2 protein chains.
Amino acid sequence: MARGDRRPTLETVAARSGVSRATVSRVINDQPVAPSSRRAVERAIAEVGYVPNQAARSLVTHRTGLIALVLPESSTRVFSDDQFFPRLIQGVSQELDDEDEQLVLMLAGSEASRDRIERSAVAGRVDGVMLASLHGTDPLSAALAKSGIPVVSNERVLGPVEVPSVGVDNRGGARTAVEHLISSGRRRIATITGPQDMIAGMDRLDGYLDAVGGSQEPVVAAGDFTRVSGEAAMKRLLDEDPGIDAVFAASDLMAEGALHVLRQNGSRVPDDVALVGFDDITRARYTEPRLTTVSQPIDGIGRHLASQLLRLIAGEPVEPAITLTTELVVREST
Amino acid sequence: MARGDRRPTLETVAARSGVSRATVSRVINDQPVAPSSRRAVERAIAEVGYVPNQAARSLVTHRTGLIALVLPESSTRVFSDDQFFPRLIQGVSQELDDEDEQLVLMLAGSEASRDRIERSAVAGRVDGVMLASLHGTDPLSAALAKSGIPVVSNERVLGPVEVPSVGVDNRGGARTAVEHLISSGRRRIATITGPQDMIAGMDRLDGYLDAVGGSQEPVVAAGDFTRVSGEAAMKRLLDEDPGIDAVFAASDLMAEGALHVLRQNGSRVPDDVALVGFDDITRARYTEPRLTTVSQPIDGIGRHLASQLLRLIAGEPVEPAITLTTELVVREST
DNA sequence: CTGAAAGCGCTTACAG
DNA sequence: CTGAAAGCGCTTACAG
């Protein structure tokens, strides 16, 4: 940077290269400019180390170059060793990498931070918002949608507002998993559910119910996707119904918790009890025995979320809902 | 929002409440205003749903209310199931929660994204930057420091620039871990190292070397903190030196990988080989056997990083380096 | 292709 | 306590 305290501005560059500020601006924004002017401006920019002031730019363009991924979760789950969020972010990043948009992650655990984020978005601090892992009829989606800022969500949004969404076939995946248990001869299949205020939790339970259908009474224990909830649920199942010969857990983490309890209980997996998870986190290949699970393309969700949002920001039409497919990965636990 | 397409501005509120824009501004910024004016303004704000335009604000205040946490990592590690980053973020969030600053996470995996982030920061898009998990003499720290934007880093920064840092006593923690192995009778102790271009990797190796000292020849296998590198390193150790009776892995993930290989090899832990990790990730309590490890206060690092940066932004003096202590947690693997 | 000028929506001395 | 006015640093019609 040249001497002096102040950062150089358009004015600095214009003076130094002998053109008007408008011409400098055109060079920066890749608009038609005479080659000689362009060269002079580019040299001046390099010499003084000019970087455009983003606030000034945003003020007139109404664009910030920032896209927010908002996770309305208490830190408990975002920061559990669930791999959902990291993989989602990875997918989003891939899609954004070629764009001129910078991904910005915002955590909305507390009420205060939710307010702050809502105001941030409405204040035009970001060009658009991706919502992930909504619970129930989260007011955030409605508030943002109403404000007119582009919003997309993973999983369909409960409530009155229309927000374009990207999800996976939770119900079909769960059904396939349980059908696999049935077809391998299991007759007393329990499920450990995810939270029933989330689409993923609700749909995976529905898939289980679809599959067991008339063949047996449903055996259901509630969980919340975390490992500890899986442990607690498995203990309850063992107490209440020792005849269980298979468990479908709605997340791999819960399956891992269940596995832990089964081992302590002296039950062999899969000999005594078969076990299927959902997610296919990395660690599913490292449990003993390795976990059969329903693989979902989390990075694909991220990519689609980002591309849908970019379209929305560009004013292009988007599909109201995209559903990606899941795949049963059979390993050793069934 | 009132009818019309445009979002309301200060002007809108001023007109509606019968005061000047300056007075509205003062109300918004909690400056002295006559109670009656304040009431009128607040009512008008509520009625029209006014939210200040952040870009306009930043342009004059030179503050954005955004603080960046920059992770100069390929997604490989940030998104491994290492728990370092999530816990760091958690700590940072705690500290920032009461401030009027919004945390924004930026991933600098690719060269392109590093450039974008550097320009973002310099363009004044954020008030300050926290750097985490630097490798080698990362040019990003120098570039940011030179630009004059407030920067802090976790672990001390290699290279010519002075960046205030917050780290843990990696060396002391590693030394304690290995001394624990020695004092429990182990005589042939190997280490699986972290990357040697990172402070944490280098210092933990030094701690190991401190402890084994003259009592035995060092037995060193290189890793990079990931589980797969731990597996590979353990295989090499087993091949080259079957007499090993203990391993200090510089991360829990590598310890987990090592454990996997030891089990496949038929080695009992801790009977045949004792194993210590570093980090104390949640999962260290779920391995079979549960893992003895060096616990480090990752959320504490996050909190201190944030508070140091806030001081820097406020123009207050900060300590050049803060070092937090670690603690050996003895479980079943030793 | 280029420049002068207006304007984006705020904050902040400066007077009063 | 309050208002008129300048200014933050850009972009963008509008003329030429």
Side-chain angles (χ1 to χ4, degrees), chain A residues 1-2 4-42 44-45 48-66 100 119-120 122-125 127, chain B residues 1-2 4-42 44-45 48-66 100 119-120 122-125 127:
Chain A
M1 209 180 301
D5 304 320
R6 313 187 63 74
R7 280 181 40 205
T9 68
L10 256 200
E11 185 66 52
T12 320
V13 176
R16 193 175 186 107
S17 53
V19 299
S20 71
R21 291 179 348 211
T23 297
V24 177
S25 175
R26 288 184 187 110
V27 171
I28 290 166
N29 294 293
D30 270 321
Q31 284 162 25
V33 164
S36 60
S37 301
R38 180 177 297 277
R39 271 194 302 278
V41 169
E42 280 168 349
I45 287 176
V48 302
Y50 171 70
V51 180
N53 176 307
Q54 186 56 43
R57 241 172 163 171
S58 296
L59 184 54
V60 24
T61 60
H62 296 292
R63 285 286 290 270
T64 64
L66 257 29
D100 221 30
R119 297 178 71 85
S120 272
V122 177
R125 235 203 281 248
D127 294 333
Chain B
M1 211 180 300
D5 305 319
R6 315 188 60 75
R7 280 181 41 205
T9 69
L10 257 199
E11 185 66 53
T12 321
V13 176
R16 192 175 186 106
S17 52
V19 300
S20 71
R21 291 180 349 213
T23 297
V24 178
S25 175
R26 289 183 187 111
V27 170
I28 290 166
N29 294 294
D30 270 322
Q31 285 163 25
V33 164
S36 62
S37 302
R38 180 176 299 276
R39 270 195 301 278
V41 169
E42 281 169 348
I45 287 176
V48 302
Y50 171 69
V51 180
N53 177 308
Q54 186 56 44
R57 239 173 164 171
S58 296
L59 183 54
V60 25
T61 60
H62 296 290
R63 285 287 292 269
T64 64
L66 256 30
D100 221 29
R119 297 178 70 84
S120 270
V122 177
R125 235 203 281 248
D127 294 332

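Quick caveat, the model's predicted, so the values are computed rather than measured. Below, chains carry the letters A, B, ... as their sequence lines are ordered, and counting in each starts from 1.
- Contacts between residues 19-29 of chain A and DNA chain D, defined by a heavy-atom separation below 4.0 Å, involve A:Arg21, A:Ala22, A:Ser25, A:Arg26, A:Asn29, listed by number.
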Bracket notation of DNA chain D in which parentheses pair within the strand, [ ] cross earlier pairs, and | pairs with another strand (Watson-Crick or G-U, under 3.5 Å): |||.||||||||.|||
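- From B:Arg57, atom CZ reaches atom CG of B:Asn29 across 5.0 Å, with rounding to the nearest 0.5 Å.
- You can see that DNA chain D meets the heavy atoms of chain A within a 4.0 Å-exclusive cut from D:dG9 to D:dA13, reading 5' to 3'.
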Take B:Leu10 and B:Ile28 through the test side-chain contact (heavy atoms from CB on, under 4.5 Å) and record every step on the way to the result. CA-CA 10 Å; B:Leu10 257 199; B:Ile28 290 166; 3.8 Å; yes
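- Proximity of a side-chain donor or acceptor of B:Arg7 to a complementary backbone N or O of B:Val51 within less than 3.5 Å is detected.
- Between D:dT12 and D:dG16, the distance separating the two C1' atoms is 16 Å to the nearest Å.
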Under 3.5 Å, side-chain donor or acceptor atoms of residues 30-42 of chain B against the rest of the protein: list the pairs with distances, not counting sequence neighbours.
| from | atom 1 | to | atom 2 | distance (Å) |
| --- | --- | --- | --- | --- |
| B:Arg38 | NH2 | B:Gln31 | O | 2.9 |

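- Residues satisfying the salt bridge (charged side-chain N to carboxylate O under 4.0 Å, His left out) criterion with A:Arg119, sequence neighbours excluded, are absent altogether.
- For DNA chain D, the neighbouring residues in residues 56-65 of chain B, judged by any heavy atom under 4.0 Å, are B:Leu59, B:Val60.
- By the salt bridge (charged side-chain N to carboxylate O under 4.0 Å, His left out) test, A:Arg21 pairs with A:Glu11, sequence neighbours left out.
- Considering CZ of B:Arg125 and CZ of A:Arg125, their distance stands at 13.0 Å, rounded to 0.5 Å.
- Applying the side chain to side chain donor-acceptor pair (under 3.5 Å) test to B:Ser17 and every residue at least two apart in sequence or in another chain returns nothing.
- With sequence neighbours left out, B:Thr64 forms a side-chain contact (heavy atoms from CB on, under 4.5 Å) with B:Ser58, B:Leu66, B:Asp127.
- No side-chain heavy atom of A:Asn53 sits less than 4.5 Å from a side-chain heavy atom of A:Thr9.
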